[in-house]
Amino acid sequence: MLAFLVFFPMIAAVISYLVGRRNKALRDWVVIASCAVTLIAAAAMLVGVARGAAYALVIPGFCGKGLSFELDGFRALYALIAGVMWLATSMLSRDYFAHHYHNRNRYFFFYLMTLGATLGVFLSADLFTTFIFFEVMSFTSYTWVAHDETPGALRAAETYLAVAVIGGMVMLMGLFLLERTLGTLRIDALYEAAEHCADRGTLWAAGICILFGFGAKAGMFPLHIWLPKAHPVAPAPASALLSGILTKSGVFGIIAVSANIFRESKAWGNMLLVLALITMLGGAMLAVFSVNLKRTLACSSMSQIGFILTGIAMSCLLGEENALAARGALLYMLNHSLFKLVLFMAAGVVYMNLHKLNLNDVRGFGRGKPLLHFAFLMGAVGLMGVPLFSGYVAKTLIHEGIVEYAELLAEEGLGALSLLHKGAEWIYLFSGGLTGAYMIKLYICLFWQKHPTEQARYDAMERYMSPLSAVALTASAALVFLLGVQPNLTMDAIADFAGGYLHAAAPAHAVAYFSLTNLKGACISLAIGVLVYCLVIRRLLMRDEGGVRVYADLWPAWFDIEERVYRPAIGLLLRAGGAVASLGSEPILEKRIYKPLIALLTGVGTLAARVCGTVTDAVAYILARTVLSANRRRARVSVGNPVTCAVGACADGVTEGLNQTVLRERPVEHHFVGFFAGLWDGLIDFAQRVTHTMSYGLILFAIGLCITIIYLLTY
């Protein structure tokens with residue numbers, strides 16, 4: 001069954017591609033059916049895990065290590081989420097790609113290939129298997145970003161691929177270090193191996209390299225640069241998957257390292273917390289300033305990853321008392337996947353009708369469209385953390401984890417550290433407020449404001465999506481409310497079922513989610529959101545144009561970390577290398593390095609050959625005079641192995657060549673040229689003699705054998 005989950009979508013990708021060459025409509029239904037079968041299989045296996053069934057699979061022989069998979073509560077949950085998200089987006093894709101998109105066959109092929117690779121990541125039992133499918137997933141999803149093949153799409157795809165490849169290579173280096181240090185890459189064995197590891201420096205180096213690789217895919221600062229650029233240019237169904245679940249594959253790896261190798265490490269937890277807070281706040285600020293619908297949601301994804309990483313960081317800091325933080329991180333992953341599925345599909349409905357994403361162009365489109373209104377509202381209030389919706393539960397748990405750790409530090413007399421973590425709490429609440437601000441902005445823009453010139457046309461669009469798309473959108477949105485209205489029955493049950501992967505401790509008592517203490521944090525964030533919307537977005541980020549308030553893009557164009565830091569730094573390195581390499585394109589290098597070096601090597605080789613020849617001749621003479629009774633005249637004595645004979649002959653060949661070309665055949669004024677010609681003739685004669693000996697063949701065999709042994713030892 002595990003092999004079926006991973007490889008069936010890949011087989012279905014090939015089938016759908018072949019079918020699509022004949023019948024595009026049938027291809028769409030093959031894709032939808034394949035996603036439905038995958039979802040059913042994932043649901044069946046989740047039920048099996050809930051009943052105590054064990055699933056494990058090892059495929060030996062792959063790259064000498066094999067591939068290993070297993071299923072526990074967390075893996076089963078995310079296999080189910082993947083099935084839900086791919087089925088919902090496949091239903092929308094049939095409508096979304098119906099008219100204005102090309103290369104649909106290519107899109108659906110890589111769409112299903114990415115499903116298989118993503119399931120391979122989440123079902124992996126060791127980090128080597130995780131890495132293999134992680135890289136496959138990166139390359140197959142690259143085509144989503146580049147799908148439109150516009151200059152902007154290709155530029156964003158270039159950034160996406162560069163970050164993925166660099167992150168993957170750094171991660172691989174970390175895996176090499178980790179396996180050498182701990183002797184294993186199995187996720188369930190990392191904790192015990194790390195506990196007995198004395199080489200903490202190498203362990204930290206490996207952990208940071210792996211964090212770099214997984215953080216790049218998750219969208220963690222400072223590796224987030226691909227995320228705000230890839231989502232706006234990718235098709236909306238692909239953006240939903242990029243944001244909703246592919247970023248979680250990076251979080252999956254970060255949890256594997258943090259919850260095992262550094263499970264109770266304060267240093268690791270604080271480092272991760274700093275990165276999480278920057279990611280959280282930075283993404284939220286980008287979203288507040290954005291005037292593009294999908295870019296706002298993309299920047300929001302970066303910010304929400306920061307919230308999840310905060311929960312993971314607090315889980316490390318709290319150690320054995322990590323119940324609230326670890327469960328909050330798990331539930332935030334689940335909820336964010338669901339929210340972004342709904343919101344990006346809603347954005348896709350807007351785009352497939354208008355082919356526009358600027359807020360000034362799409363404002364008012366949602367008026368009079370109740371299904372779209374309901375779906376977007378569910379996603380928005382869930383992301384904002386409004387009570388009675390599932391996002392509130394996860395936000396509350398992580399917030400309480402921060403408060404709990406700050407109080408523990410105060411009780412231990414570490415007042416300064418406690419104050420710092422109080423500051424982290426306020427960054428958390430303020431970032432939640434910014435989430436509310438930009439979601440209020442999108443909601444009011446789409447469903448309450450009116451377009452100054454196109455509103456009548458928007459209101460007349462009654463069939464703005466097909467029934468199939470409506471089912472996918474509204475069913476996904478309904479889950480937000482159903483999961484949040486009774487959190488002790490739904491969210492707690494999910495946390496109990498899947499919390500083992502994060503090594504989440506059991507809570508001492510049931511969490512009173514709707515107590516005044518817990519409601520206070522949500523109310524503070526929502527109040528901040530309303531204030532930021534009213535005082536900043538409405539007053540500072542909008543301006544009057546012809547009597548109409550429009551959204552202004554006031555984010556400084558120059559403030560782009562990729563364009564201002566990363567690309568210039570890479571360019572500087574390339575120019576520095578080019579400056580060195582440019583010497584090779586100039587006559588200077590040829591005159592001052594290449595020719596003198598060649599002359600030196602030639603001279604040394606000639607001298608060595610002459611010395612060897614002289615020694616050979618001397619040995620032969622001595623042997624002939626003493627052992628072999630050389631009183632008898634012999635035409636020639638051949639002494640030594642064929643190689644030494646050939647080496648000795650080399651000197652004779654060189655001398656003869658020099659004599660013939662320089663002294664006999666060349667005028668005096670051409671002696672210099674003749675010298676090199678003679679030297680060349682002698683070297684050619686030497687090569688011909690050596691390469692026709694048995695020893696030469698034995699030497700080549702020995703060299704090949706050594707290379708083979710080195711390869712096997714390092715394989």
Side-chain angles (χ1 to χ4, degrees), residues 92 95-96 98-100 231-232 235-237 239-240 287-300 339-340 342-384 386 435-467 469-470 472-474 476-477 480 529-530 532-555:
L92 177 67
D95 199 10
Y96 187 87
H99 305 294
H100 61 282
H231 287 62
S239 296
V288 167
F289 278 85
S290 174
V291 296
N292 180 289
L293 176 57
K294 285 177 65 179
R295 177 179 167 80
T296 304
L297 296 177
C299 296
S300 168
F339 300 153
K340 286 305 164 70
V342 173
L343 291 171
F344 271 109
M345 287 201 300
V349 172
V350 175
Y351 184 78
M352 72 184 185
N353 283 277
L354 304 182
H355 308 302
K356 297 175 182 178
L357 290 170
N358 188 284
L359 296 185
N360 295 309
D361 296 325
V362 303
R363 63 194 300 171
F365 174 79
R367 292 173 63 90
K369 299 176 177 61
L371 289 181
L372 182 64
H373 193 157
F374 166 76
F376 192 92
L377 182 61
M378 291 298 100
V381 296
L383 198 67
M384 292 164 60
V386 175
T435 303
Y438 62 71
M439 289 312 302
I440 292 171
K441 175 182 69 173
L442 295 183
Y443 173 69
I444 291 178
C445 173
L446 285 172
F447 299 100
W448 291 97
Q449 292 178 335
K450 292 183 178 181
H451 195 283
T453 59
E454 299 290 335
Q455 193 59 51
R457 183 170 69 90
Y458 293 170
D459 292 341
M461 292 182 178
E462 296 181 356
R463 296 184 59 84
Y464 57 93
M465 61 177 169
S466 68
S469 298
L473 189 58
T474 54
S476 301
V480 177
V530 173
V532 171
Y533 176 77
C534 295
L535 300 179
V536 177
I537 294 177
R538 296 289 298 181
R539 292 180 177 272
L540 301 179
L541 301 183
M542 298 183 72
R543 62 170 178 249
D544 288 320
E545 286 188 3
V548 178
R549 296 284 289 173
V550 299
Y551 295 93
D553 187 2
L554 299 181
W555 184 260

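- Interatomic distance, CE of Met345 versus CG of Asp95, reported as 12.0 Å (0.5 Å rounding).
- The CE atom of Met384 sits 4.5 Å away from the CD1 atom of Ile440 when rounded to the nearest 0.5 Å.
- The two atoms that bring Tyr464 and Phe365 nearest to each other are CB-CZ, 4.3 Å, heavy atoms only.
- Residues satisfying the salt bridge (Lys or Arg N to Asp or Glu O under 4.0 Å) test with Arg549, not counting sequence neighbours, are Asp544.
- Considering Phe339, Phe376, Tyr533 as possible partners of Met439, the one that fulfils the side-chain contact (heavy atoms from CB on, under 4.5 Å) test is Phe376.
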**Report entry** Criterion side-chain contact (heavy atoms from CB on, under 4.5 Å) on Leu343 and Lys340, from CA distance to verdict
**Finding:** CA-CA 5 Å; Leu343 291 171; Lys340 286 305 164 70; 4.3 Å; yes

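- For the atom pair CG (Leu293) and OH (Tyr351), the distance works out to 11.5 Å, reported to the nearest 0.5 Å.
- Residues Ala437 and Ile537 approach most closely at O-CD1, 3.6 Å, considering heavy atoms.
- Between Cys299 and Ala287, the shortest heavy-atom contact is CB-N, 3.6 Å.
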Query raised in the report: Taking it one step at a time, do Arg543 and Leu554 satisfy side-chain contact (heavy atoms from CB on, under 4.5 Å)?
Result: CA-CA 11 Å; Arg543 62 170 178 249; Leu554 299 181; 4.2 Å; yes

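- One finds the NZ atom of Lys369 at 7.5 Å from the CG atom of Asn353 (value rounded to the nearest 0.5 Å).
- Between Asn292 and Leu359, the closest heavy-atom pair is N-CG, 4.4 Å.
- Put simply, the side chain of Ser476 gets close to the backbone of Ala472: a donor and an acceptor are under 3.5 Å apart.
- When all heavy atoms are compared, the tightest approach of Asp553 to Val291 is CB-CG2, 3.8 Å.
- Minimum interatomic distance between Lys294 and Pro235 (heavy atoms only, all atoms of both residues): NZ-C, 3.8 Å.
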Query raised in the report: Step by step, would you call Leu297 with Leu442 a side-chain contact (heavy atoms from CB on, under 4.5 Å)?
Result: CA-CA 9 Å; Leu297 296 177; Leu442 295 183; 3.9 Å; yes

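- Interatomic distance, Leu354 CG to His451 NE2, rounded to the nearest 0.5 Å: 8.5 Å.
- Distance CG/Leu383 to OH/Tyr438: 5.0 Å, rounded to 0.5 Å.
- For the pair Val288 and Leu541, the minimum side-chain heavy-atom distance is below 4.5 Å.
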**Report entry** Steps toward side-chain contact (heavy atoms from CB on, under 4.5 Å) verdict (Leu371, Met465)
**Finding:** CA-CA 10 Å; Leu371 289 181; Met465 61 177 169; 3.9 Å; yes

